[in-house]
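Structure first, commentary second.
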Amino acid sequence: MTMNDDIQCVLMTEKEIDGVVSNLAAAINKDYKGKKLLLVGLLKGSIVFMSDLMRKITLPCEIDFMVVSSYGNSVRTSGNVKIIKDLTVDISGFDVLVVEDVVDSGYTLSSVMNLLKNRSPASLKLCALFDKPYKRVSEVNADYLGARLPDEFVVGYGLDYAEKYRNLPDLCILKPEIYN
Ligand code: IMP
Ligand code: MG
């Protein structure tokens, strides 16, 4: 019994994703020359994307991570996200680029972008690998956008179903019986 037994189909291969990530990195390399770039990854989904993207960025940069949850009662809240793990870097003066796996409802990212904007970064932009625009409730403006996905739940390349399948190299759709 392997993870592969649970896959219905591969939506995007590792190689195809690599091409998308290369294009995003090329645009970032062009735009951030001479800037003080800080990549902010949202855990856990962005981990694979972040690690591939940062190695294609040829400019000096720093990285940091945040864990946020859109649900539940707040410990610290701004907008409507709960910060589970905050940044370790003071982002004032940094050209912050938020790195996210997928924009779906937009709820998480619109809150995170608002929250970070209030911390006086020199600039604040968003790089999202995948876009699922079908159920958007909060407007999100992705400055760098990789690929639009069909209206399906996907796993792999960092994305999970019930915390599993993040380690699949390809972006996949699982067999329906797995989701039920
Ligand atoms: P949003 O606040 O609805 O935009 O939520 C985005 C988050 O939901 C992403 O960071 C993912 O963690 C998760 N998500 C959305 N769509 C998928 C999917 O198809 N597969 C796995 N996770 C997803
Ligand atoms: Mg998730």
Side-chain angles (χ1 to χ4, degrees), residues 3-14 16-18 20-21 24 38-54 63-87 96-118 124-180:
M3 278 191 303
N4 287 337
D5 298 329
D6 297 347
I7 295 172
Q8 173 163 303
C9 68
V10 172
L11 205 57
M12 213 180 286
T13 64
E14 192 177 7
E16 287 167 336
I17 299 170
D18 186 71
V20 173
V21 177
L24 291 171
L38 173 68
L39 302 174
V40 169
L42 302 187
L43 295 176
K44 304 170 193 170
S46 70
I47 171 174
V48 180
F49 175 38
M50 176 69 120
S51 65
D52 281 346
L53 181 72
M54 65 186 276
I63 64 167
D64 204 354
F65 295 94
M66 259 181 124
V67 181
V68 298
S69 154
S70 305
Y71 314 100
N73 293 322
S74 346
V75 175
R76 258 177 91 189
T77 177
S78 173
N80 288 304
V81 290
K82 177 180 165 191
I83 301 177
I84 311 290
K85 182 217 162 293
D86 206 340
L87 299 174
V96 174
L97 182 59
V98 174
V99 175
E100 174 63 316
D101 52 1
V102 53
V103 190
D104 186 16
S105 72
Y107 191 71
T108 309
L109 272 171
S110 62
S111 300
V112 167
M113 296 306 275
N114 267 329
L115 181 144
L116 295 180
K117 197 163 67 189
N118 289 331
L124 179 63
K125 288 188 177 184
L126 169 63
C127 176
L129 179 57
F130 300 121
D131 186 24
K132 299 206 301 188
Y134 317 99
K135 294 170 187 131
R136 198 78 99 238
V137 292
S138 296
E139 199 189 319
V140 171
N141 172 35
D143 304 275
Y144 304 92
L145 195 53
R148 174 176 289 200
L149 299 180
D151 193 6
E152 299 270 6
F153 195 84
V154 293
V155 298
Y157 200 78
L159 289 111
D160 71 303
Y161 172 62
E163 292 301 328
K164 296 211 171 58
Y165 307 102
R166 294 189 196 277
N167 54 325
L168 284 171
D170 301 317
L171 191 72
C172 302
I173 296 177
L174 297 177
K175 291 175 180 164
E177 61 263 34
I178 305 294
Y179 296 120
N180 296 326

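Because only heavy atoms are used, hydrogens play no part in the values below, and waters and symmetry mates are left out as well, while side chains stay in. Counting starts at 1 for both ligands and their atoms, in listed order.
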CG-CG distance between Leu159 and Asp101, expressed to the nearest 0.5 angstrom = 4.5 Å
ask   = Which one of Val102, Val112, Asp131, Leu43 has a non-hydrogen atom at the shortest distance from atom 11 (C) of ligand 1?
value = Val102
ask   = Under 3.5 Å, N or O to N or O, is Gly106 touching ligand 1 that way?
value = yes
request  = Report, in ascending order of atom number, the atoms of ligand 1 lying under 4.0 Å from any heavy atom of Lys132.
outcome  = 16 (N), 17 (C), 18 (C), 19 (O)
ask   = Relative to the heavy atoms of Glu152, which atoms of ligand 1 are at a distance of less than 4.0 Å?
value = 19 (O)
ask   = Can we say Asp6 and Lys175 salt-bridge, meaning some charged N sits less than 4.0 Å from an Asp/Glu carboxylate O?
value = no
inquiry  = For the CG atom of Leu87 and the CG atom of Leu38, what is their distance to the nearest 0.5 Å?
reply    = 7.0 Å
message = Between Arg136 and Asp131, does any NZ, NE, NH1 or NH2 come within less than 4.0 Å of an OD or OE carboxylate oxygen?
response = yes
task = Would you please say whether a donor-acceptor pair under 3.5 Å links the side chains of Asp104 and Tyr134?
result = no
query = Polar-atom distance check: Val155 versus ligand 1, any N or O pair below 3.5 Å?
reply = no
query = Hey, is the main chain of Glu152 close enough, under 3.5 Å, to the side chain of Lys132 for a donor-acceptor pair?
reply = yes
key: Nearest option to atom 22 (N) of ligand 1, as decided by whichever heavy atom of Leu159, Thr108, Val137 sits closest   = Leu159
Numbering as shown, the atoms of ligand 1 that approach Asp160 to under 4.0 Å (heavy-atom distance) = 21 (C)
request  = Output the list of atoms in ligand 1 that are nearer than 4.0 Å to some heavy atom of Glu100, sorted by atom number.
outcome  = 9 (C), 10 (O)
message = Could you tell me, atom by atom, which parts of ligand 1 come under 4.0 Å of a heavy atom of Asp101?
response = 9 (C), 10 (O), 11 (C), 12 (O)
inquiry  = Taking 4.0 angstrom as the limit and counting only heavy atoms of Ser105, give me the atoms of ligand 1 inside it, by number and element.
reply    = 1 (P), 2 (O), 3 (O), 4 (O)
task = Measure the CG-OH distance between Asp18 and Tyr157 for me, rounded to the nearest 0.5 Å.
result = 7.0 Å
